[in-house]
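Worksheet for the structure shown next.
Note that this is a predicted model, so its numbers are computed, not measured. Note that the numbering runs from 1 along the sequence shown for the chain.
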Amino acid sequence: ERETGITTMFMAEGMDTGDMLLREVVEIRPDDTAGTLAPRLAEVGGRLLVETLRRLKAGTLTPERQDDAQATMAPLLKKEDGLIDWALPAIDIANRVRGLSPWPGAFTYVNGERWTLCRVSVGEELQSASPGSVTKVTKDRVDVATGRGTIHIPDIQPSNSRRMTMAQYLAGHRLAEGITLQAAPPSQS
């Protein structure tokens with residue numbers, strides 16, 4: 001998505017079925033996460049609410065009926081929604097990381113350790129690497145193959161640790177090209 005927004009509306013029975021009063025579109029910037037977007041939406045929402053009340057009092061607002069065919073439901077997020085499916089295209093994974101930050105966080109497993117991906121970027125197209133395999137390890141990032149393209153991972157939050165750059169992580173951990181990031185924790189026997 002490239003935009004979102006705020007709408008004030010009358011309450012009606014049903015889910016989001018009341019007539020709309022005012023609305024304002026908010027751009028989703030390429031580096032936005034749910035966490036960076038929320039304060040901007042809150043600011044717009046506060047301003048729009050004050051304007052709605054002012055115009056309702058003045059009698060200058062004309063409610064607009066919603067088009068029920070355009071309605072979509074957004075389910076409540078659960079922690080497990082953050083699990084990365086490496087078979088997805090790189091752009092979809094990057095958007096998932098952005099959309100799930102800060103909560104519940106997008107995550108994967110590396111050598112049995114859970115990594116929460118704090119920030120990623122889309123890399124180049126690869127033809128031969130299998131999704132989830134580490135294709136490159138540099139001093140400051142790890143590249144992972146996806147269903148289409150690669151993901152660059154410059155920082156993570158390992159299990160029971162703080163957020164850190166990949167350079168900080170690699171200073172104390174070995175990570176080899178060719179290993180595969182898992183979509184589930186190792187089974188416990």
Side-chain angles (χ1 to χ4, degrees), residues 1-5 25-41 72-189:
E1 302 295 331
R2 299 204 191 304
E3 60 184 32
T4 185
V25 172
V26 175
E27 174 193 9
I28 300 174
R29 299 173 187 145
D31 60 341
D32 267 332
T33 66
T36 62
L37 190 56
R40 290 200 341 262
L41 287 170
T72 58
M73 286 295 289
L76 292 176
L77 293 175
K78 302 179 298 293
K79 215 171 198 176
E80 52 271 15
D81 291 331
L83 184 59
I84 295 172
D85 177 358
W86 292 105
L88 292 172
I91 188 68
D92 291 356
I93 293 171
N95 287 336
R96 177 171 283 273
V97 170
R98 291 174 46 226
L100 297 177
S101 174
W103 196 92
F107 63 92
T108 191
Y109 293 91
V110 181
N111 294 328
E113 177 181 37
R114 181 178 160 142
W115 279 7
T116 298
L117 304 185
C118 305
R119 184 172 51 103
V120 300
S121 61
V122 175
E124 64 279 351
E125 291 286 328
L126 289 178
Q127 301 302 323
S128 60
S130 58
S133 63
V134 173
T135 60
K136 184 190 271 185
V137 178
T138 69
K139 65 179 181 148
D140 59 357
R141 81 170 198 239
V142 169
D143 293 357
V144 180
T146 70
R148 190 170 66 241
T150 58
I151 286 287
H152 301 312
I153 305 174
D155 55 55
I156 59 167
Q157 182 171 354
S159 300
N160 303 315
S161 189
R162 61 178 172 74
R163 180 176 176 166
M164 61 182 68
T165 65
M166 193 54 72
Q168 291 168 321
Y169 181 83
L170 292 172
H173 300 82
R174 292 185 57 84
L175 191 65
E177 291 179 12
I179 69 161
T180 300
L181 281 59
Q182 298 92 33
S187 61
Q188 304 191 348
S189 16

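- The salt bridge (Lys or Arg N to Asp or Glu O under 4.0 Å) contacts involving residues 115-124 comprise Arg119-Asp155, where partners must be two or more places apart or lie in separate chains.
- For the atom pair OG1 (Thr146) and CG (Asp92), the distance works out to 9.0 Å, reported to the nearest 0.5 Å.
- Heavy-atom minimum distance, Ala90 versus Gly149: CB-C, 4.1 Å.
- Screening residues 93-102 for side-chain hydrogen bond (donor to acceptor under 3.5 Å, both in side chains), with sequence neighbours left out, gives Asn95-Arg98.
- Rounded to the nearest 0.5 angstrom, Ile28 CD1 and Thr33 OG1 are separated by 11.0 Å.
- Atoms CG and CD1, from Leu117 and Ile156 in turn, are 8.0 Å apart once rounded to the nearest 0.5 Å.
- A distance of 10.5 Å separates NE2 of His173 from CE of Met166, quoted to the nearest 0.5 Å.
- Among residues at least two apart or in separate chains, side-chain hydrogen bond (donor to acceptor under 3.5 Å, both in side chains) pairs with a member in residues 130-142 are Thr138-Asp140, Arg141-Asp143, Arg141-His152.
- Heavy-atom minimum distance, Pro102 versus Ala34: CD-C, 4.4 Å.
- Other residues, nucleotides and ligands contribute more than 12 heavy atoms inside 6.0 Å of the CG atom of Asp31.
- Scanning for side chain to side chain donor-acceptor pair (under 3.5 Å) contacts around Thr150 gives an empty result, with sequence neighbours left out.
- Nearest heavy-atom pair, Gln157 versus Cys118, reported as atom, atom and distance to 0.1 Å: N-SG, 3.8 Å.
- Between Gln182 atom CD and Trp115 atom CH2 the span is 10.5 Å, to the nearest 0.5 Å.
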Can you give the donor-acceptor pairs under 3.5 Å from side chains of residues 77-85 to other protein atoms, not counting sequence neighbours?
{"residue": "Asp81", "atom": "OD2", "partner": "Lys78", "partner atom": "N", "Å": "2.7"}
{"residue": "Asp85", "atom": "OD1", "partner": "Ala87", "partner atom": "N", "Å": "3.0"}

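- Contact detail for Trp86 and Ala145: the closest heavy-atom pair is CE3-O, 3.9 Å.
- With contacts defined as side-chain heavy-atom distances shorter than 4.5 Å, the pair Thr36/Arg29 does not qualify.
- Of the possible donor and acceptor atoms, one in the side chain of Ser159 sits under 3.5 Å from a partner among the backbone N and O of Arg114.
- Note: Tyr109 OH to Leu181 CG = 12.0 Å, rounded to the nearest 0.5 Å.
- Every residue two or more places apart in sequence or in another chain was checked for a side chain to side chain donor-acceptor pair (under 3.5 Å) with Glu27, and none qualifies.
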